Amino acid sequence: MSIRVIFLGTAGSVPTPERSLPAILVQRKAEQIMFDCGEGVQRQMIMAKTGFHRKMKIFISHLHGDHVLGLPGLLQTMALLNRERKLEVYGPVGIRRFVEAIKETIQFVLTFPVEIHEVEGAGVLCEEEEYVVQAVWANHVIPSLAYALVEKPRSGKFYEKPRSGKFYPEKAKALEIPEGPLWSKLQRGHKVKLPDGRVIKSEQVVGPSRPGRKIVYTGDTRPFKGFVKFAAGADLLIHDATFDDGLAEKAEEDGHSTPSQAAETARKAEANQLILTHFSARYGDTSELLKQARKIFKNTLAAEDFMKLEIPLLNGQ
Ligand SMILES: [Zn+2]
Ligand SMILES: [Zn+2]
């Protein structure tokens with residue numbers, strides 16, 4: 001089961017003809033998890049054919065307009081399309097007042113519940129059966145959160161099939177374990193007693209647990225202490241790269257990062273892949289920024305609107 005990441009908006013601050021405002025959509029099984037919600041996001045979703053009715057959570061990094069002004073339009077579009085499922089929105093304190101004020105002034109009638117979670121402290125914000133979303137305070141000019149979607153490790157001991165380690169039927173056959181309920185018991189991490197009296201442990205026929213995947217998103221930020229640890233081992237690190245290395249001073253002043261800083265973090269965090277995003281409108285072409293990052297961290301891409309990435313499970317499972 002792949003995780004798909006769709007970049008719906010990759011500009012910073014103001015949109016350009018090629019780039020919409022920040023929004024990143026993660027599709028995991030039947031669910032969509034969105035990081036930031038820039039203006040016009042619903043049109044980007046229509047173009048990317050993501051649908052509006054799936055289980056969904058939105059995580060807002062901070063309350064600068066480019067990251068949050070998409071919410072009113074998205075809510076309205078969802079209501080006009082008769083969404084019924086609850087929508088959950090997470091963000092720094094102020095997000096509740098923002099959504100309430102919009103609801104009052106625009107006076108649209110929502111067809112679905114909106115559950116707002118104001119984030120006051122770092123840590124695990126939501127825990128689902130198969131993954132958690134964690135946050136840490138970043139270093140921007142206003143309170144801003146960086147997020148990580150982290151799948152739980154999948155082990156034969158703790159999870160039912162199909163989240164257990166890989167099952168090897170040929171090993172089970174070699175041990176002459178009768179196919180059927182005994183196989184599934186072993187797959188679920190239990191030991192079994194065979195009719196001939198032998199006791200077989202799960203480890204004999206099931207591989208080790210598989211680590212979950214990890215996607216990290218910085219939001220707007222300068223490099224900051226503690227982030228390397230937060231992003232450690234990320235399959236995908238999506239990083240602010242608003243300005244090129246030559247404008248490092250401006251980046252510092254405005255609370256942003258440069259490609260080299262993003263790449264340095266990816267290297268230290270031992271991420272698998274780095275994606276630069278939130279580009280200043282001055283860059284029609286981002287190849288120079290990409291070059292700067294790749295000098296330090298080779299496996300880097302510059303995000304484009306509608307770029308899609310698949311993150312498969314290890315061993316293609
Ligand atoms: Zn921004
Ligand atoms: Zn900002």
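Being a predicted model, the structure only gives us computed values, none of them experimental.
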Can H239 and H278 be said to form a ring-ring contact (aromatic ring centres under 6.0 Å, His included), step by step?
CA-CA 8 Å; H239 205 296; H278 196 275; over 10 Å; no
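- The CZ atom of F297 sits 11.0 Å away from atom CD of E264, with the distance rounded to the nearest 0.5 Å.
- Atom NE2 in H256 sits 4.0 Å away from atom OG1 in T242 (nearest 0.5 Å).
- Classification of K250 and E253 as a salt-bridged pair fails, no side-chain N sitting under 4.0 Å from a carboxylate O.
- A donor-acceptor pair under 3.5 Å links the side-chain atoms of D305 to the main chain of S20, judged by distance alone.
- In plain terms, the two heavy atoms of M34 and D36 that are nearest each other are CG-O, 3.2 Å.
- Listed by first and then second residue, the side chain to side chain donor-acceptor pair (under 3.5 Å) pairs that reach into residues 169-182 come to none, sequence neighbours excluded.
- With N139 contributing its side chain and F224 its backbone, the two residues share no donor-acceptor pair below 3.5 Å.
- Residues R28 and E151 have side chains in contact (heavy-atom distance under 4.5 Å, counting atoms from C-beta outward).
- For the pair E252 and R222, the salt-bridge criterion is met [side-chain N within less than 4.0 Å of a carboxylate O].
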Please assess H64 against H140 for the test side-chain hydrogen bond (donor to acceptor under 3.5 Å, both in side chains), listing each intermediate value before the final yes or no.
CA-CA 11 Å; H64 274 158; H140 193 37; 3.2 Å; yes
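- A side chain to side chain contact (heavy atoms under 4.5 Å, CB included) with I58 is found for one member of L74, L25, I33, V114 and no other, namely L74.
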Begin with the C-alpha distance, continue with both residues' side-chain angles, and end with the deciding distance and a verdict on ring-ring contact (aromatic ring centres under 6.0 Å, His included) for W183 and F167.
CA-CA 9 Å; W183 280 30; F167 178 70; 5.4 Å; yes
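- In plain terms, the two heavy atoms of I177 and V205 that are nearest each other are CD1-CG1, 4.1 Å.
- Inter-residue side-chain proximity for V216 and T218 is flagged as unmet; no heavy-atom pair is nearer than 4.5 Å.
- A salt bridge links K291 with E288: the distance from a Lys NZ or Arg NE/NH1/NH2 to an Asp or Glu carboxylate oxygen falls below 4.0 Å.
- The residues K152 and E127 are annotated as salt-bridged, a charged nitrogen and a carboxylate oxygen being separated by less than 4.0 angstrom.
- At a threshold of 4.0 Å, the pair E104-R97 does not count as salt-bridged, since none of the basic side-chain nitrogens sits closer than that to a carboxylate oxygen.
- Annotation: the span from R43 atom CZ to M45 atom CE amounts to 14.0 Å, rounded to 0.5 Å.
- The salt bridge (Lys or Arg N to Asp or Glu O under 4.0 Å) check on K191 picks up nothing, with sequence neighbours excluded.
- Proximity of the aromatic rings of F59 and Y90 is defined here by a centroid distance below 6.0 angstrom, and this criterion is met.
- Closest approach of A303 to R19, counting heavy atoms only: O-NH1, 2.8 Å.
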